[in-house]
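In what follows, a structure is listed as structure tokens, so that the remarks can point back to it.
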Amino acid sequence: MSETPKSTLQYRFDGPEDAPVLILGASLGTTWHMWDRQVPELSRRWRVLRFDLPGHGGAPAHPASAIGDLADRLIATLDQLGIDQFSYAGCAIGGAIGADLALRHPHRVASLALVSSSPRFGTADAWRQRGVVIRTNGLDPIARTAPERWFTAGFATAQPAIVEWSVQMVRTTDPGCYIAACEALAAFDIRSQLGHIGVPTLVLVGADDQVAPPADARVLVAGIPDARLALVPGTAHLAPVEQPSAVTDLLVRHFASSSHSTHTTGMTAIAAAAPKPVLAPPPAPVSAPVAPIAEIAPAGQPAQVPTGEPDHRSRGTKVRREVLGDAYVDAAEAVADEFSADFQDFVTRYAWGEVWARPALDRHARSVVTLTALTAGGHLDDLALHTRAALRNGLTPAEIREVLMHTAVYCGVPAANAAFAVAQRVIQEETRPEG
């Protein structure tokens, strides 16, 4: 095991020191122990490196709120170890890290396995909502509902010890690091970049995965030029835990076959017209019933976005969605017509693309100012909207209460009384634990 400064990740090695390196990345809320059942077989052929996310498994709590930041910390760790090229398998957020590595460091990734992964995990609103719940209630509600997200009902009933192990993993995670990882997943979206992943890729998904469902896996396979799909029947999100033998067999076959192919270094793009290689499906694994690997045609390449002067509308749309949520912005855009379109454009460019994006105040402070101003003006509908935004921006219910107490002194008790009623309703709705 390692000693971990802020710029690197906690890791451990298994397997021969002179073997090729295979990295295993864990899912959010888990530790490197989720791969325990794979390591004995994998470490016979590879030098297996497992790492923990910040604040997971006792790793130092240095939050990282972007997938690229986590990938950079892994690269810094590998640089310290003198590891140049490696194969990589990652589950869920671990898969997102692997995809980022393949996009930004293509010369270092020899082959890739994306397990229970997606080019975009759910919606940004859902991940930020989870952060609100954790700030208010801690990780216990997330821990208690983890088994129903991670495992099929039959497995959870038959394996109570594993269910309890999974709950305890989440409970012992640092809340700030978990929230930061939620922010990283909220911002993660590589759908337009899949064609630039130029390494042999296995996309492995449980047939009953509700977190990163098979439809998401098919998007990955359709977009990555050299990708194959493995669908594991009767399995939910934590496939390496629920079907360890089947997952191990698929990984061994993929990485063993990929090691014999030539890897092109320095590749940053794949031509859209390039034909997809015809890959023979591997033999059926002997350890568990797994569907054959299927081929799906590649998707077209995304159009290039021209560069130029700062686009206040694009920046404003991004900030507006991050603060108010996709659902609200989608609804506002849906009802915009010829009469209101100019006003929506004005709000997006000026309020969100310029004022909210100014660096002198962070979003936490801007939410405090906004709540105060809306209370003073009696704008209760907007106050409800921005109470939700304040929770997303990191204010706790206690901090919102103090803001409204302060407004009672300077804006009047009747205004604050109305504001308290609105904020109380919103906070109850937004901080209700999942499940």
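Numbers here are sequence positions counted from 1. Values below: all heavy atoms of this structure, side chains included; hydrogens, waters and symmetry mates excluded.
- Within a 6.0 Å radius of CZ in Arg120, more than 12 heavy atoms belonging to other residues, nucleotides or ligands are found.
- A side chain to side chain contact (heavy atoms under 4.5 Å, CB included) with Phe86 is found for one member of Leu22, Leu49, Leu78 and no other, namely Leu78.
- Under the side chain to side chain contact (heavy atoms under 4.5 Å, CB included) rule, Trp150 has a single partner from Val170, Val163, Val167, Ile162, which is Val170.
- Side chain of Arg349 to main chain of Arg313: no donor-acceptor pair is present (N/O by atom type, distance under 3.5 Å, no hydrogens or angles).
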- [ ] List the steps, then state whether salt bridge (Lys or Arg N to Asp or Glu O under 4.0 Å) holds for Glu322 with Lys318.
- [x] CA-CA 6 Å; Glu322 290 172 352; Lys318 180 178 183 294; 2.6 Å; yes
- [ ] Report the C-alpha distance between Glu183 and Trp127 in whole Å, list the side-chain angles of each, state the deciding distance to 0.1 Å, and finish with yes or no for side-chain contact (heavy atoms from CB on, under 4.5 Å).
- [x] CA-CA 7 Å; Glu183 288 292 329; Trp127 288 110; over 6 Å; no
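- Not one N or O on the side chain of Ser340 forms a donor-acceptor pair closer than 3.5 Å with the backbone of Phe343.
- Taking the charged nitrogens against the carboxylate oxygens, Glu333 and Arg321 do have a contact shorter than 4.0 Å, which makes a salt bridge.
- Of all non-hydrogen atoms in Asp216 and Pro119, the two that sit nearest each other are O-CD, 3.7 Å.
- More than 12 non-hydrogen atoms from other residues, nucleotides or ligands lie less than 6.0 angstrom from CG of Asp337.
- The two residues Gly234 and Thr152 come nearest to each other via the heavy atoms O-CG2, 3.7 Å.
- Asp326 contributes no side-chain N or O that, together with a main-chain N or O of Thr123, makes up a donor-acceptor pair within less than 3.5 Å.
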Open item on the list: salt bridge (Lys or Arg N to Asp or Glu O under 4.0 Å) for Asp52 and Arg12? Distances and angles first, verdict last.
Closed with: CA-CA 9 Å; Asp52 275 330; Arg12 65 168 290 167; over 6 Å; no
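- A salt bridge between Asp36 and Arg50 is present, with a side-chain N of the basic residue lying under 4.0 Å from a carboxylate O of the acidic one.
- Proximity of a side-chain donor or acceptor of Tyr88 to a complementary backbone N or O of Gly94 within less than 3.5 Å is detected.
- The environment of CD in Gln210 is sparse: at most 12 heavy-atom neighbours from other residues, nucleotides or ligands sit within 6.0 Å.
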